[in-house]
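Step one of this worksheet: look at the structure below.
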Amino acid sequence: MKYFFFHLMSWPYLPDDFDAKYDSAWVWLPNSLYDPVKGHELYREYINTLALADELGFDGICVNEHHQNAYGLMPSPNVIAGALTQRTRRVKIAVVGNALPLYNPPLRVAEEFAMLDVMSGGRLIAGMVIGGGPEYFAYGVNPTFAREKFREALDLILKAWTVPGPFEWNSKHYYFRYVNPWPRPLQQPHPPIWIPGVGSKETIEFVAQRRFAYMGVPYFHIDVFRRVFQQFRDACAAAGYTASPEQMGWGVPIYVAETDKQARAEFEQPFWYFVKNLMKNIRLAPPGYTSPQSALAILKNQSLFLYSQKSWDDVEKGVFAIVGSPATVRQKLEHYQKELGCGVVLTGCQTGTMPHELARKSMELFAREVMPHTRGAG
Amino acid sequence: MLDILKKLKFGARVLLAKSGGQPETIDLHGRPTVLMHAGDGPPFVYLHSTLGEGFMWLPFFQSLAKKFRVIVPTHPGFGGSGGFDRIDAVEDMAFHYVELLDALGLDEVVLGGVSLGGWIAAEFAVRWPERVKKLWIADAPGLWVEGRPLPDLFRVMQDRDALRRLLFHDPEGYMASLVIKKEVDEQTMLRGFQAMTVLARLVWERPYDPKLAERLRRVQCPTLLLWGDDDRLVPPAYGEAYKKHLPHAELKLIKGCGHLPMFEKEAEFVEALVAFAKD
């Protein structure tokens with residue numbers, strides 16, 4: 001089992017009347033609420049926390065891309081990853097990912113990911129995403145072409161990394177006379193490709209067919225992960241091979257403290273801040289971003305999504321987070337790792353307003369008292 | 001009570017009107033295109049709005065069909081009409097419709113539409129002015145009007161009350177509750193998603209055509225600009241912008257009317273079109 005520490009770099013300073021006053025933490029939340037002086041301090045602390053994961057023996061760290069929102073303050077995760085290449089020595093750096101349709105030309109992603117791979121000495125994991133619905137509002141990119149552009153851009157980037165340039169590229173959405181990026185990635189033939197997914201059949205089948213790795217985005221009921229990984233194994237079998245556990249990642253927040261009671265006391269409030277404030281309107285879905293049928297399915301399946309959970313009991317029953325003493329977390333983690341059959345756990349604990357020192361305490365307890373015991377399970 | 005009677009009356013008229021146009025599907029170079037038509041007289045092509053009102057033969061089509069041969073095609077991507085994979089821009093819709101006129105053997109028509117339909121008609125008329133005998137445009141976007149940004153329909157589309165307030169002068173009125181129902185079934189919801197997908201494809205990146213204003217001078221036929229005086233989605237300032245660039249246009253405001261005059265002020269809408277389009 002590989003453990004990756006995930007950070008969103010959330011904004012923890014939303015006003016107390018946020019919920020009453022604003023209908024979204026995304027796209028149109030006024031950026032006058034952002035304070036760059038506090039922001040400076042936050043970036044410094046958040047990067048320190050990610051660097052700590054390297055020292056503690058996590059296998060990797062994850063950063064990702066979001067625009068015009070208070071949920072995740074990395075419009076360019078590559079900037080943060082660049083800093084991390086110089087602050088870490090051992091961990092994989094997973095950028096999960098760059099939202100390909102938002103880059104024009106998408107060759108920018110081929111270039112920046114190659115830079116990160118070379119700078120880190122071959123530690124980059126290249127995540128490629130379509131990008132969430134809100135990003136299409138924020139960037140004005142046509143959502144009805146999101147999927148077409150994603151696939152074209154992905155093929156272009158892979159070709160740019162593996163076929164000697166310069167070459168000419170022509171597809172429906174992109175034409176380039178000269179494709180010839182410098183630098184090229186250090187890992188050969190190219191860095192591992194991770195595709196985050198929220199459970200759609202199309203993405204599962206695509207990732208399986210292309211033999212990439214599927215990273216299940218957190219915030220879904222454990223039943224969703226059960227279904228998704230089974231579908232993924234079936235899709236790999238249909239494509240003529242057996243899925244490897246490393247192709248399947250399970251995203252789940254984990255928080256460890258001295259006792260179960262203390263863990264919940266420290267974790268719960270920051271977590272609800274995250275759920276009730278930062279996730280507000282996260283599933284904003286512009287028309288054409290999914291098929292009308294999928295849009296309808298999303299509306300129907302709201303009850304399996306974290307934002308719809310009302311009580312701590314709901315959170316625990318649906319395994320939206322694993323929270324407790326080292327013994328409790330060990331027991332739950334082993335159980336679900338085995339059941340899901342995944343080979344990667346993407347865990348993070350600094351959700352919402354979680355203080356830096358508590359986040360680091362949890363990471364240390366996890367690294368010392370959970371990770372060594374649960375690595376073999378699954 | 002009065003509202004219920006009004007609803008019943010409209011329902012009965014819908015049933016009666018249905019005996020008019022029946023949907024037919026014709027093949028336009030591999031694009032299945034649904035259209036309805038009825039009536040005799042000069043050909044009158046109605047291009048529907050994003051509401052997709054071309055999917056049934058509504059009373060105002062029936063009224064127009066007393067004077068004209070009314071042809072109501074369903075745009076690519078709406079309902080049963082295909083060819084959406086070849087559509088990127090409103091201009092592509094115009095190219096689609098010139099092929100429809102060719103297929104129907106119509107050299108010259110009265111052409112117009114409401115909202116998106118009106119914009120498509122304008123894009124058509126600047127390219128093939130000789131095919132348009134008279135042009136009418138109702139409550140249509142398509143131009144940039146400084147200081148009058150269009151509200152974001154995509155932001156409010158899931159909120160049916162907000163939608164009603166945006167589209168109607170009287171959001172509490174019986175037509176508002178009939179057109180934007182409080183509760184919708186799955187089929188209606190899917191149709192709504194599909195319609196908004198087509199609109200997003202056309203306008204997401206830029207809700208107007210920067211070249212249209214300059215090109216409007218090519219339209220040499222009489223043009224009627226018909227606008228709800230209380231259109232909150234595409235306000236009358238857009239009608240004035242069209243008037244400024246069109247050589248032979250008159251702007252007629254309909255009192256107490258929002259974005260959808262064919263529903264909210266059906267009688268005035270039909271009357272204005274008949275007066276304008278008849279020989």
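Please read these numbers as outputs of a predicted model, since none were measured by experiment. Throughout, protein chains are lettered first and strands after them, A, B, ... in sequence-line order, and every chain is numbered starting at 1.
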Electrostatic pair [X]-[Y], nearest N-O below 4.0 angstrom:
{"X": "B:Glu123", "Y": "B:Arg127", "result": "yes"}
{"X": "A:Lys172", "Y": "B:Asp85", "result": "no"}
{"X": "A:Lys300", "Y": "B:Glu186", "result": "yes"}

Practice prompt. Determine the interplanar angle of the B:Trp136 and B:Phe269 rings, folded into 0 to 90°, and report it as parallel if under 30°, tilted if 30 to 60°, perpendicular if over 60°.
Written response: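 Perpendicular, since the angle between the ring planes exceeds 60°.
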
Item to complete: Can you label the angle between the B:Trp227 ring and the B:Tyr242 ring as parallel, tilted or perpendicular, going by 30° and 60°?
Response: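 Tilted.
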
Side chain, backbone, both or neither: which part of [X] has an atom under 4.5 Å from a heavy atom of chain B?
{"X": "A:Asn281", "result": "neither"}
{"X": "A:Leu299", "result": "side chain"}
{"X": "A:Tyr139", "result": "neither"}

Fill in: Winner by heavy-atom pair count (cut-off under 4.5 Å) against chain A, out of B:Gln194, B:Arg191, B:Arg201
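Most heavy-atom pairs under 4.5 Å with chain A: B:Arg201.
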
Worksheet entry | Which atoms of B:Met189 approach chain A - backbone, side chain, both or neither, heavy atom under 4.5 Å |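 When you check distances to chain A, only side chain atoms of B:Met189 fall under 4.5 Å.
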
